[in-house]
Amino acid sequence: MDELDSIFSDDWGEDHRSGLVAVVGRPNVGKSTLINAVLGQKVAIATSKPQTTRQRQLGIHTTGEAQILFVDTPGIHQPKSLLGDYMLRVAHNALRDADVVLWIVDASAPPRKADRRIGEAIEHYARRAPLVLCLNKCDLLDEPYEHDAWLALSDTSRRVTTSATEGRGIGDLLSLLTPLLPLGPRYYPAEQVSESNLRFIAAEIVREKVIESTSAEIPHAVAVEIVQFEERPDISLIEAVIYVERQSQKGIVIGKRGSMIKRIGVGARAELQQTLETNVHLETRVKVLKNWRSNEAFMRRVGYALPKRKTE
């Protein structure tokens, strides 16, 4: 908790609980979607493409009895670049700091080898924090599915079945998590749902639209930098630079006669206006920066500051 900017409130009793819930699992199991469903609004971008989440993001759920701080983490995977190493270390640091570990799995299919490796890693950290197994994507099941293979990966008795896209099982999940949290005060005002600043949110929204609009290697090769963010009384002026690693990727993002970049801009502008609740003028440019995913200086500039390795 000492890493958080604590904003204490007197509106809590001696039985009030609060704490960090590390939301972990392999890529594309629905971690961000589940957090958005819990909060009832979008605080983390979520797409069908794996490894969408790159940074630690906090989703804040407050009730009269508890304040649950959901830490959305990148999917645990085998890193193939400095960016991949950064993402993996973000996930492991969240596990180390957690008061509760929430392991989300895609229960619509049997476990993969990667799930078994993740289970072994999570069990190590779960010795210090309670573990909850969340069997997500139950909406994709045509008939009752035997979860024995998933349950065999962990000896925890704390299990819940959810459908993040349909909002099913959210109440059961919160009821399971709340009593596991330590006693403590509110760390954020009750109405606050995220700690992300507006520049970060704008960059993530633009990146989400790029991911949704493209395929193949493009989603993994894209970074977004907000180089202008000016709030005026009646409009916000935003300029975003979209970085890719190769000239061919730049051509894909721009599209024939600028059709793709226009599509990305229209989608991003509409969501930014809804999020910021004001008119938005958005300009987007595309630049090539070869091998930026292994360029530590650039990664720090766009917010992927490598966390220090922690010793056990």
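Values reported hereafter were calculated over all heavy atoms of this structure, with side chains retained and with hydrogens, waters and symmetry mates removed.
A side-chain donor-acceptor contact under 3.5 Å links Glu245 to the backbone of Trp292. Formation of a donor-acceptor pair under 3.5 Å by the Arg293 side chain with backbone atoms of Met299 is not found in this model. Without hydrogens or angle criteria, Asn136 side chain to Thr161 main chain gives no donor-acceptor distance under 3.5 Å. Of the possible donor and acceptor atoms, one in the side chain of Asn197 sits under 3.5 Å from a partner among the backbone N and O of Phe200. No donor-acceptor pair under 3.5 Å is formed between the side chain of Glu204 and the backbone N or O of Ile201. The main-chain N or O of Cys134 is never found under 3.5 Å from a side-chain atom of Trp150 such that the two would form a donor-acceptor pair.
Environment of CD in Gln274: sparse, with no more than 12 heavy atoms of neighbouring residues, nucleotides or ligands closer than 6.0 Å. Heavy atoms of other residues, nucleotides or ligands lying less than 6.0 angstrom from CZ of Arg112 number 12 at most.
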Checking side chain to side chain contact (heavy atoms under 4.5 Å, CB included) for the pair Val23/Val71: CA distance, chi angles, key distance, verdict?
-> CA-CA 6 Å; Val23 183; Val71 183; 5.9 Å; no
Candidate pair Leu181 and Leu20, rule side chain to side chain contact (heavy atoms under 4.5 Å, CB included), full reasoning | CA-CA 8 Å; Leu181 298 172; Leu20 290 170; over 6 Å; no
Trace of the side chain to side chain contact (heavy atoms under 4.5 Å, CB included) decision for Leu174 with Val38 = CA-CA 8 Å; Leu174 295 174; Val38 167; 3.9 Å; yes
Go through Val105 and Leu135 one step at a time and tell me if the side chain to side chain contact (heavy atoms under 4.5 Å, CB included) criterion holds.
-> CA-CA 5 Å; Val105 301; Leu135 301 156; 3.7 Å; yes
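Remark: Ser154 engages Trp103, Glu123, Leu131, Thr156 in a side-chain contact (heavy atoms from CB on, under 4.5 Å) (not counting sequence neighbours). With sequence neighbours excluded, the residues satisfying side-chain contact (heavy atoms from CB on, under 4.5 Å) with Val227 are Glu225, Glu239, Val241, Arg285. Take Thr62 and apply the side-chain hydrogen bond (donor to acceptor under 3.5 Å, both in side chains) test, not counting sequence neighbours, and it matches Gln67. Contacts of Ala270 classified as side-chain contact (heavy atoms from CB on, under 4.5 Å), with partners at least two apart in sequence or in another chain: none. Shown here are the side-chain contact (heavy atoms from CB on, under 4.5 Å) partners of Ala268, two or more places apart in sequence or in another chain: Ile205, Val206, Lys209, Leu282. With sequence neighbours left out, Glu230 forms a salt bridge (charged side-chain N to carboxylate O under 4.0 Å, His left out) with Arg232.
Counting only residues at least two apart or on different chains, the salt bridge (Lys or Arg N to Asp or Glu O under 4.0 Å) pairs with a member in residues 164-181 are Glu166-Arg168. Among residue pairs with one or both ends in residues 249-287, none qualify as ring-ring contact (aromatic ring centres under 6.0 Å, His included); sequence neighbours excluded. Listed by first and then second residue, the salt bridge (Lys or Arg N to Asp or Glu O under 4.0 Å) pairs that reach into residues 250-262 come to none, sequence neighbours excluded. For the ring-ring contact (aromatic ring centres under 6.0 Å, His included) condition, the pairs that include at least one residue of residues 234-253, sequence neighbours left out, are Tyr243-Phe298.
Closest heavy-atom contact between Arg17 and Thr178: CD-O, 3.2 Å. Of all non-hydrogen atoms in Tyr187 and Ser18, the two that sit nearest each other are CE1-OG, 3.2 Å. Minimum interatomic distance between Thr63 and His16 (heavy atoms only, all atoms of both residues): O-NE2, 4.3 Å. When every heavy atom of Ile68 is checked against every heavy atom of Leu177, the shortest pair comes out as CD1-CB, 4.4 Å. Of all the heavy atoms in Ile60 and Leu39, the pair that sits closest is O-CD2, 3.2 Å. Here the closest heavy-atom approach between residue Leu34 and residue Ile104 is recorded as CD2-CD1, 3.3 Å.
Proximity of Lys137 to Thr165: side-chain heavy atoms (C-beta onward) are nowhere separated by under 4.5 Å. Looking only at side-chain heavy atoms (C-beta outward), Ile242 and Val210 come within less than 4.5 Å of each other. Contact annotation: the side chain of Val132 approaches that of Val100 to within less than 4.5 Å [non-hydrogen atoms, C-beta and beyond].
Applying the under-4.5 Å side-chain rule to Ile, Leu, Val, Met, Phe, Trp and Tyr, the cluster around Leu183 consists of that residue alone. Hydrophobic side-chain contacts under 4.5 Å tie Ile235 into a cluster, directly or through other members, with Leu237.
Atom-to-atom distance recorded for Thr284:OG1 and Ile254:CD1 is 9.0 Å, nearest 0.5 angstrom. If you take CG on Leu133 and OG on Ser157, they are separated by 11.0 Å, rounding to the nearest 0.5 Å. The CZ atom of Arg199 lies 9.5 Å from the CD1 atom of Ile238; values are rounded to the nearest 0.5 Å. Going from atom CD1 of Ile35 over to atom OG1 of Thr33 covers 9.5 Å, rounded to the nearest 0.5 Å. In this structure, the separation between CZ on Arg186 and CG on Leu69 is 12.0 Å, given to the nearest 0.5 Å. One finds the CE atom of Met260 at 6.0 Å from the CD1 atom of Ile264 (value rounded to the nearest 0.5 Å).
Hydrophobic clustering (side-chain heavy atoms under 4.5 Å, transitive across Ile, Leu, Val, Met, Phe, Trp, Tyr) keeps Val253 apart from Val266.
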